[in-house]
Structure formats: structure tokens, C-alpha cells
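We count ligands from 1, going down the list as the structure has it; atoms in each ligand are counted the same way.
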Amino acid sequence: MCGIVSYLGNQNALPLLLDGLQRLEYRGYDSAGIFIQAGDKAHNGKVSGKVDDLRKHFETSLLKEAHVGLGHTRWATHGKPNQINAHPHESNDGSLVLVHNGIIENYESLKTILVEKGYRFKSETDSEVLINWIQEIKNSKQLTLGEAVHWALQTVVGAYGIVVFDKTQPDTLVTARLGSPLVIGVGEDEYFVASDATPFIQHTRNVIYLNDHEMAILQKNKPIEVQHLKSNTPIDPEIEKLHWNLEDIQKGGYDHFMLKEIFEQPQAIKNTLRGRVNLEQSKIDLSSMKRNEDRFIHATRIIILGCGTSWHAGLVGEYLIETLARIPVEVEYASEFRYRNPILYPTDIVIPISQSGETADTLAAVNIAKENGAFIYGICNVVGATIPRATDDGVYTHAGPEIGVASTKAFTSQVVVLIMMALKLARLKNALPNDQINELLLELNRLPENLETLLQHIEPIQHLAKTFDTATNCLYLGRGYNFPVALEGALKLKEISYIHAEGYPAAEMKHGPIALIDEEMPVIVIATKKGHYDKIVSNIQEIKSRKGRIIAIVSEGDETVKKLADHVIEIPISSEIFTPIYATLPLQLLSYYIAVNRNCNVDQPRNLAKSVTVE
Ligand code: M6R
């Protein structure tokens with residue numbers, strides 16, 4: 001789970017790689033390094049810490065200008081996050097340089113062979129083993145770099161996205177992938193290779209997504225050569241166009257990406273809905289569902305897979321699809337599903353949900369479901385990512401790049417997709433009266449505007465954050481559609497502010513968590529008007545009588561809960577199916593301001609990375 005970026009062309013590689021790594025820091029930020037070479041001069045600068053530290057390192061470097069280079073930002077898997085373990089790694093004879101994202105599972109056995117042959121290792125990493133393995137094969141078999149990488153990868157078990165450079169062939173980069181994402185940017189007389197396209201978006205929009213088991217040889221002023229690592233056959237690469245802009249991946253005046261992404265939600269949802277809600281004909285136009293209409297009509301079960309926030313969106317999906325379309329739904333953690341020999345039927349539809357489309361557990365679960373013959377329909381944000389490429393069909397959320405590690409706009413746009421799917425299924429299966437579907441469509445269409453209004457009233461949330469930023473524990477409670485909101489609110493708080501928080505179905509409180517409640521315990525209750533309102537009011541009373549400090553998310557104009565709670569945050573009155581979206585926004589903001597007050601690194605919380613591409 002690291003970020004890699006490399007450059008070969010006529011521009012100065014160093015600033016380009018530094019800026020590129022900065023954009024990839026969401027993938028890992030415990031150490032960073034850049035190798036550059038110009039003529040007979042080369043410099044491999046590595047630091048423990050962030051890309052800013054690497055920038056400082058290069059201020060004092062003698063070599064600052066080069067037209068080729070490899071960069072890496074690390075999230076440690078093998079070995080501590082220190083300078084020695086930082087990439088790029090060089091081979092024993094000093095000729096080869098490598099950046100690697102992934103895990104080489106059989107590195108110990110390869111290392112044993114290399115040690116017997118006299119190789120010595122400076123770092124504890126699997127990556128240093130890989131570059132020496134390539135060197136050994138290259139030298140012993142007298143191969144070119146491309147041939148050696150090809151050979152070496154036949155014996156490697158694990159996951160990799162790599163770029164390899166040979167100091168004696170400075171006009172060539174070799175790159176290959178299996179399980180870790182790689183995108184090649186094709187510019188005018190220049191190539192970029194990166195974990196995603198953010199490092200080079202202002203230089204080129206022409207990209208080639210490398211697939212698993214593919215290797216590419218990039219040579220200055222020559223067309224790109226792509227080959228299949230297993231069959232050794234040449235592949236004609238498909239050049240695709242990127243459809244987003246540099247501004248989409250910049251903070252745009254906000255203090256943090258997370259705050260920008262919270263405020264982007266009205267626009268993100270507009271993009272998710274664009275061209276898909278047909279008010280004139282009162283229907284949802286989802287072309288991928290239309291293509292597979294028969295399967296959806298005859299589906300006897302839907303299994304939703306995901307991790308973290310995407311799993312929470314899946315839980316909302318369960319309520320939506322079961323209630324509106326009356327199809328049974330199961331929601332599974334992808335990490336559990338992949339290891340439990342699941343029972344699948346040909347009439348099942350498996351729906352993986354992933355913002356990044358790179359989460360290792362979700363990808364593995366998709367592969368298991370595929371092996372079992374299931375039809376896979378994905379929901380993903382990143383166009384062209386690994387998961388959507390592995391599915392049979394699916395739908396993009398189009399929320400735009402999400403950089404903050406805490407997922408915000410991705411969640412609400414996933415829920416919007418699930419609402420559209422549930423409404424479409426309801427119509428296909430005649431499970432809801434048409435006038436009800438029409439009303440819900442109208443409400444769906446008003447979401448962006450209502451969210452815009454909601455975001456204009458954030459002062460009470462900032463104020464609340466000041467009251468609660470010293471809390472050590474928090475309880476989040478909700479029922480029905482608001483239970484996943486409680487889970488999501490708690491996850492948001494713990495991941496960015498490091499305050500322990502738990503989400504619970506409100507009625508479960510009596511079965512244990514109620515013991516935690518005292519005058520110190522903030523309890524956030526989602527108590528919107530529609531759906532189990534009276535029940536949740538009773539739950540609030542139970543908390544109050546135990547002196548818990550109640551923060552309630554209520555529907556506009558609610559007077560009952562206002563009298564009971566210590567603080568209330570109002571959200572628009574809506575049909576129940578929309579409350580997960582309206583209620584999540586204030587909870588995102590509350591976590592954000594609490595984390596800022598506690599001086600936490602909001603966009604890059606400790607120990608986390610945006611895409612979890614390792615198990
Ligand atoms: O990219 P994915 O949606 O597959 O990521 C899944 C989780 O890793 C992710 O939602 C994670 O829980 C976020 N940090 C939550 O804010």
C-alpha cells in the first residue's frame with residue numbers, strides 16, 4: 001500500500017516526482033524516496049517521514065536536474081518505516097533501481113537463494129529481495145532488463161506494481177503489475193508511470209491502465225511495448241482519456257481535503273445522478289442495469305461486499321433493496337467472505353462496493369465470487385480501477401477524486417447509487433406503487449440542493465466540536481436506516497480524532513453498552529422523524545435518565561427530542577431512505593472539527609492509508 005511515480009522524458013524529473021509523490025501520499029506516508037540520474041551522476045535520496053522532508057533533502061542535493069527518475073511513498077509492510085527500508089531500492093552491484101507497491105510473499109525463499117550466492121541486504125524489505133532477484137537473473141542469463149524482469153516475475157508469488165531502472169540503459173523504464181495498480185501516462189515524447197493518474201494529470205490525459213500479468217517497456221522516443229507476463233505475447237495497449245482536472249485533486253482554498261470533500265457532496269451527488277434520473281418518464285436510467293435486466297429481475301439474493309465505509313454503504317443498501325424491491329440482501333465484510341468458502345447460487349448477484357476499486361480484500365472476495373460463478377455488479381468511484389475491471393458490469397459513482405483518508409463524498413454517492421438501484425429494482429419487480437416511486441425520484445433530485453442548504457449552517461457543529469473535543473469515548477446510536485449512519489459516524493470520529501467511538505443499533509444499548517453511560521459519555525443519537533421515531537425517543541429517555549450527554553440529529557422543527565437532548569442538529573425532513581445522506585453530513589463535520597481541535601492530521605491519520613491494497 002504505497003504510492004509510486006516514475007518519469008522518463010525531457011522535463012526535469014525531480015519537481016515532477018516530488019509533486020507527484022505528494023499527491024500519492026494518501027497511499028502511505030511513513031517514508032519517501034526518489035532516485036534520479038543524469039549522465040554519470042545519480043542520486044538516491046530517501047527519508048523517514050513525509051514528502052516534505054524529502055523535498056528538504058533534495059534542497060541540499062548536488063543533483064537536482066535529471067530527465068529520468070523513480071519515486072516512492074511508503075506504507076510499511078516489511079520492516080520499520082525508516083530511511084533504510086524506504087524505496088527506491090538498489091541491487092547489490094548498484095546497477096538496478098526499483099520502486100515497488102505490494103508484497104512479495106515468497107521473498108524469504110528467494111532471499112535464502114540469493115544469500116547463498118553471496119548477496120547482502122541492507123533493508124528488511126521484500127522489495128530489496130526482488131531487485132536483487134532481477135539482478136541475479138539478468139546477470140546469470142545475460143538478459144536485457146525487460147527480459148530479466150519478465151523471467152524474475154515468473155518465480156515471484158505475491159502482489160506487485162513495480163518500476164525498474166537500469167543505470168546502464170538510462171532511456172528505459174520497465175514496469176509490471178500483479179494486484180497493485182499502475183497507470184502509464186503517455187505524453188509528447190515522455191512517459192509517466194504511477195499508482196494512479198494524479199501525479200501527471202496536468203501533463204497528459206492519455207493513459208494506459210496496465211492489467212494484472214502485464215509488463216511494459218517504455219523507451220525514450222519509441223512506442224510503448226506491452227506484453228503478457230504469462231503467455232509472453234505482445235499486447236496492443238488501449239490508450240484511454242482521463243475526464244477530470246487538476247483542480248479536482250487540489251485543496252482549492254480549504255484547510256484539508258476532507259473538508260473540501262465534505263463540501264463537494266452536493267456537486268458529487270449531482271454528478272452521481274447526472275443523466276440517470278429521468279423525471280419526465282419517472283424512471284431511473286442505469287444502462288448497466290438495463291443491460292442485465294433479466295438477471296436483476298430473477299435475482300433471488302443480492303450479496304453486498306465491502307470494507308470500512310463502503311461496507312457501511314452496503315448496510316444502507318440492504319435496507320434499501322429489501323424494503324423497496326423485496327429482494328433478500330446479505331452484506332458481508334469482504335475480508336470475511338473471502339475466507340469462508342461462501343455458498344453462491346447462479347441467481348445471486350454479488351455487488352462489491354469500493355471507492356478506490358483497489359481494496360485487496362474486496363478484490364479477493366470478487367475473485368472468489370467469480371470462481372463460484374456469481375454475476376458481479378460493482379459500485380466504484382475510481383474509473384478504470386482494478387475492481388471494476390474484474391466485475392461483469394457495474395456503475396461508477398462519479399464523485400470525483402477523494403484524497404482525504406476519511407471517506408466522505410464517496411459514502412454519500414455510494415448510497416445515492418444504491419437508492420437508484422433499489423428504485424429501479426422496485427420498478428422492475430413491481431414492488432412499489434408508481435406514484436410512490438415518482439415521489440421518491442423527485443426527492444432524490446432535490447438532494448444536492450438540500451445538502452447545499454445544510455452545509456450553510458455549520459456554526460452549531462463547530463461549537464459542538466469545542467464542547468466534545470476532550471471526550472475519550474463516544475457512543476453513536478441509530479435504528480433502521482440510521483443504524484449504518486451510527487456506525488459510519490463512529491468510524492469517522494475514531495479514524496481522524498483517535499477518540500474511541502462505537503456505533504450501535506439503538507435498541508441494542510440495553511444489552512450491554514448502556515453500562516458505559518454516565519455524565520462523561522457523549523451519546524450521539526440519530527433521531528429523525530420517519531422510521532422508529534417513538535422507539536428512539538424512548539432510547540433517548542433511557543440515556544437521559546443515566547445522565548448521558550445527548551447530541552441528537554433531528555428532523556427540522558422537531559420539538560420532542562429538543563426537550564430531551566443536550567444539543568440538537570437539524571437536518572431536512574425527508575423520506576426515510578434519504579436520512580443516511582442528510583444525517584451523515586453533520587457527523588462528518590463534527591468529526592472533522594473535533595479532530596482539527598485536537599491537532600490531528602485529518603487527511604493523513606496515523607497508521608492509515610487511503611487504499612488498503614494489502615491484506
Ligand atoms: O476504497 P474502498 O472503498 O474499498 O475502501 C474501503 C475502506 O478502506 C475505507 O472505506 C476506509 O474505511 C476509510 N478510511 C473510511 O473513512
Side-chain angles (χ1 to χ4, degrees), residues 1 3 25-29 75 179-181 195-196 256-259 261-262 265 268 304-317 331-338 351-367 376 378-391 394-397 399-415 417-418 476 484-485 487-498 501 503 584-585 587-592 595 600-615:
M1 190 156 59
E25 267 192 321
Y26 74 89
R27 302 181 65 85
Y29 33 82
W75 187 83
S180 301
S195 302
D196 69 36
H256 297 96
F257 281 110
M258 181 178 176
L259 190 62
E261 287 155 8
I262 291 173
Q265 287 175 106
I304 301 181
L305 306 171
C307 299
T309 289
S310 294
W311 182 78
H312 296 158
L315 286 181
V316 179
V331 189
E332 299 236 21
Y333 283 116
S335 53
E336 289 297 316
F337 180 87
R338 64 180 290 192
I351 304 184
I353 305 181
S354 175
Q355 186 286 130
S356 61
E358 302 295 344
T359 301
D361 283 322
T362 311
L363 179 61
V366 164
N367 289 333
I376 324 278
I379 300 176
C380 187
N381 189 36
V382 178
V383 176
T386 311
I387 292 171
R389 294 161 89 79
T391 56
V395 49
Y396 284 113
T397 47
E402 191 180 67
I403 313 282
V405 164
S407 189
T408 52
K409 62 177 181 173
F411 173 77
T412 45
S413 62
Q414 287 164 348
V415 173
V417 164
L418 288 159
Y476 285 71
V485 176
L487 292 176
E488 176 59 9
L491 175 62
K492 227 70 317 171
L493 186 71
K494 62 187 144 195
E495 74 178 324
I496 61 169
S497 74
Y498 317 139
T584 297
L585 252 73
L587 298 184
Q588 294 169 343
L589 283 164
L590 185 64
S591 305
Y592 171 79
C600 296
N601 188 340
V602 173
D603 283 334
Q604 297 174 343
R606 70 183 177 210
N607 306 335
L608 283 171
K610 181 74 180 159
S611 344
V612 185
T613 56
V614 292
E615 255 196 277

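Of the protein's heavy atoms, Glu495 OE1, 2.9 Å lies nearest to atom 14 (N) of ligand 1. What sits closest to atom 7 (C) of ligand 1 on the protein, heavy atoms only, is Cys307 O, 3.6 Å. Protein heavy atom at the shortest distance from atom 8 (O) of ligand 1 is Val612 CG2, 4.1 Å. Summary of contacts: the protein heavy atom closest to atom 5 (O) of ligand 1 is Thr359 OG1, 3.4 Å. Scanning all protein heavy atoms for the shortest distance to atom 1 (O) of ligand 1 gives Ser356 OG, 2.6 Å. In terms of protein heavy atoms, atom 9 (C) of ligand 1 is closest to Thr309 N, 4.0 Å.
Here the straight-line distance linking atom CG of Leu590 with atom CG of Leu493 works out to 7.0 Å at 0.5 Å rounding. Atom CD1 of Ile403 and atom CD of Glu25 lie 11.5 Å apart (nearest 0.5 Å). In this structure, the separation between CG on Leu491 and NE2 on His312 is 5.5 Å, given to the nearest 0.5 Å.
Below 3.5 Å of separation, one finds an N or O of Val405 facing an N or O of ligand 1. For Gln414, no nitrogen or oxygen atom sits less than 3.5 Å from a nitrogen or oxygen atom of ligand 1, counting backbone and side chain alike. Checked against a 3.5 angstrom limit, the closest N/O atoms of Thr362 and ligand 1 fall outside it.
Contact of the Tyr29 side chain with the Asn601 side chain is not registered, since no non-hydrogen atoms from C-beta on lie closer than 4.5 Å. When side chains are defined from C-beta on, Thr408 does not count as touching Tyr592, because their heavy atoms never get closer than 4.5 Å. Side-chain contact between Leu363 and Glu358 is absent, with no heavy-atom pair separated by less than 4.5 Å.
Using cut-offs of 30° and 60° for the angle between ring planes, the Tyr333 and Trp311 rings count as parallel.
For ligand 1, the atoms lying closer than 4.0 Å to a non-hydrogen atom of Ser407 are 15 (C), 16 (O).
Only the side chain of Lys492 comes within 4.0 Å of ligand 1, counting heavy atoms alone; its backbone N, CA, C and O stay farther away.
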